[in-house]
Amino acid sequence: MFREFKKEVEQVLKEALEKASYESKRPELEESEHADISSRVAFLLAQAYKKSPAIIAADIVNHIQIPAENTLISDAAAVGPYINFRVNDSYFHKTLQQLKEGTETETTRGEKGKVIIEHTSANPDGPLHIGHLRNAIIGDVLVRVLKRAGYDVETHYYVNDMGRQIAVVVWGAERIAFDETKKADHAVADVYIAANRMVEENSDLLKDVGELMRKYEAGDAAVVKKYETVVNKCLSGIQASLQRLNIRHDLFVWESEFVRGGAVKEVIEALKQSGNIKFDGSAILLKLEGIEKALVIQRTDGTSLYTARDLAYHRWKSSTSDRIIDVFGKDHELVSQQLTKALEILRVKAPEFVIFEFVSLPTGSLSTRAGRYISVDELIEKIEERAYKEVEKRREDLDEVKKREIAREVGIGALRYDMVKVSPDKHITFDFEDALDIEKKGAPFIQYSHARACSILRTAEARGFGVTDYDAPVSLLTERSEKELIKKLSKLEYVVEEATTALKPHLLAKYARELAESFNLFYKYCPVLNAEDELRKPRLVLVDAAKTVLSDVLHLLGAEAPEEM
RNA sequence: GGGCGUGUGGCCUAGUUAGGACAUGGCGGCAGCCUCCUAAGCUGCAAAUCACGGGUUCAAAUCCCGUCACGCCCGCCA
């Protein structure tokens, strides 16, 4: 409802500016603690019209006409240079009415077009570590938010199966047996680390690895088979980890498809046509505007490079979607720029990039090859265990299965929230102890508010207060905490929209926390079950509506919404 | 050397795209609140030269210039 309110204020303000003969490009609206929405447009006009902002603000307010009916605005007032707008009773009423049938609106089903989002895309040479985790969670929250905003979303995991490191694993797998007692991706990592050591100690072995790569690119059936076995083995382990985090991909796109399917050749051909190509011996280079070094897209020996394969991949994505989003680590930023320029040359829509800064350990940067990483599996294990202890402390009354279930939901929620709450362009030094410390204002805090709402509704039913009656008079909800909560509820769609256009998933985390805070204050100051009949009815409506939004926002963050904890 | 990003109370963090009303929260610290719907909650207190130095402006955490610190990138790797 906040979006509608904001739009109406914009309109009303625009009309008033015209009537008062002021010209301003923007309404200068901002959320404010002094009003429901506030305009600082008077500041901008002060210079041009050589009057004090306060006088202009008062003048504008005098020209403001709030519609007699069907409006969400209660009043507009000039407070010094600011013009403050407030919502009216119907705003509260409509907000709750809208939540009657849940929050799924008519825009929720793919009508904004198709967006392909690529995230995680860890090399299949070992398990996911905490760096991949940040990528996966930022990506997954965006997926959920975009769906909610009305996009038809397709999620891709781009499988780098043509790199040297995968060849090393395949080479190693010919000599070293996988430890079948281990989770598949961990077994692959063992082989990778061991094989890598062998290759490093004896550089003659590199020839074998190179031979494997050439045969794979050429499509040698036996080699392809070996690759597929190894890559699929690793991916199965990775997928299992992702599943525990409530993350799934629609499509696993293998790099090699673009080589053997001919798409890479086509891209190189198209680039040749463009005239931005130069040759260095038999190698092919692409000149890019504003980037000093030309990009090599084909080796002297004629084999393909990551860059060319990536171009083919993006050309394909572009042809089958309206919007492309790539979630990349900061180390890929230059690549993303090169990609953009190259796609421009191909006259193809470029992706939008969500670039996130690195996660490092207190001991230094992460490295799968050096075995220096914390795997996501280990992290999940430990955080669920920690959550279990917390549940046990509080709810000895529950049976084992239930306690485990809550611990899982709380643990995963906490982990995900922790990763998504900070802005992507902040560098993170990962501290195991900090992560395990189920933070007070993280996901469990929000889940707890939801559980409290559920508890009230459960008890209401048990006491025979009947179904929640959305026709109950909302006007009785006059307490400050009640009004604040409703206003907070009304902002979900607005936040979703902001997070979608700016591609900032952490906005959702912030909103979720604030929503839970609002609910907790309401809970504290407004008894529901013990209120008088007349008041209890609308309060139950508010609890029910809050439960809906809390649950929704938790799901948008990829966390569960437990009914009790 | 060049490019990108970050620097906000003891620690972590929001706000920087579009400059404006007392800089958002958390952790930790101190002091309180369970005869009342789950205390994973709530209330209060202490704690900030918004890295540093200039500049623009009526107004700067936010814009401009410079400096410093940290991270990442600058492969016929992926």
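Lettering of chains follows the sequences in order, A, B, ..., and the numbering in each one begins at 1.
Between A:Phe519 and A:Tyr523, the ring planes are tilted. Angles from 30° to 60° get that label. Taking the six-membered ring where the residue is Trp, A:Phe353 and A:Phe328 present tilted rings, their angle falling between 30° and 60°. Ring-plane geometry between A:His156 and A:Tyr313 is classed as parallel, the angle between the planes falling under 30 degrees on a 0 to 90 degree scale with a further cut at 60.
Between the CD atom of A:Glu30 and the P atom of B:A21 there is a distance of 7 Å, given to the nearest Å. Atom-to-atom, CD of A:Glu357 to C1' of B:C73 comes out at 10 Å; the value is rounded to the nearest Å. One can place NZ of A:Lys389 at 18 Å from P of B:A40, the figure rounded to the nearest angstrom. Spacing between atom CG of A:Asp331 and atom P of B:C77 amounts to 17 Å, rounded to whole angstrom units.
The minimum heavy-atom distance between A:Ser256 and A:Asp161, with the atom names listed, is OG-OD2, 2.5 Å.
Between A:Phe43 and A:Tyr82, the ring centre distance stays below 6.0 Å.
Side-chain atoms of A:Glu33 and base atoms of B:C22 include a donor and an acceptor less than 3.5 Å apart. In this model, no side-chain donor or acceptor of A:Thr459 finds a partner on the base of B:C37 within 3.5 Å.
Enclosure of atom CZ in A:Arg86 is not indicated, since only 12 or fewer non-hydrogen atoms of other residues, nucleotides or ligands lie within 6.0 angstrom. Within 6.0 Å of CD on A:Glu461 lie no more than 12 heavy atoms contributed by other residues, nucleotides or ligands.
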- Starting at the 5' end of nucleotides 10-17 of chain B, put B wherever the base has a protein heavy atom under 4.0 Å, S where only the sugar-phosphate does, and a dash everywhere else. ---SSS--
List every contact pair, protein side and nucleotides 32-36 of chain B side both N or O, where the distance is under 3.5 Å.
from  : atom 1 : to       : atom 2 : distance (Å)
B:C36 : O2'    : A:Asn530 : ND2    : 3.3

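Position along RNA chain B of the nearest nucleotide to A:Phe43 versus A:Arg395 favours A:Phe43 as the more 5'-ward residue.
Nucleotide B:C34 carries a syn base; the chi torsion (O4'-C1'-N9-C4 or O4'-C1'-N1-C2) is within 90° of 0.
Note on A:Cys454: nothing from the nucleic acid sits closer than 4.0 angstrom, heavy atoms only. Across all strands shown, A:Glu564 has heavy atoms under 4.0 Å from base atoms, whether or not it also approaches the sugar-phosphate. Residue A:Tyr82 is classed as a base contact, given a heavy-atom separation below 4.0 Å to a base. Across all strands shown, A:Ser32 has heavy atoms under 4.0 Å from base atoms, whether or not it also approaches the sugar-phosphate.
In RNA chain B, the stems built from three or more successive Watson-Crick or G-U pairs (distances below 3.5 Å) are B:1-7 with B:68-74, B:10-12 with B:25-27, B:29-33 with B:41-45, B:51-55 with B:63-67.
Aromatic stacking is not marked for A:Phe358 over B:G71, as the cut-offs of 5.5 Å for the centres and 30° for the planes do not both hold.
Between A:Glu532 and A:Arg536 there is no salt bridge, since no side-chain N of the basic residue sits under 4.0 Å from a carboxylate O of the acidic one.
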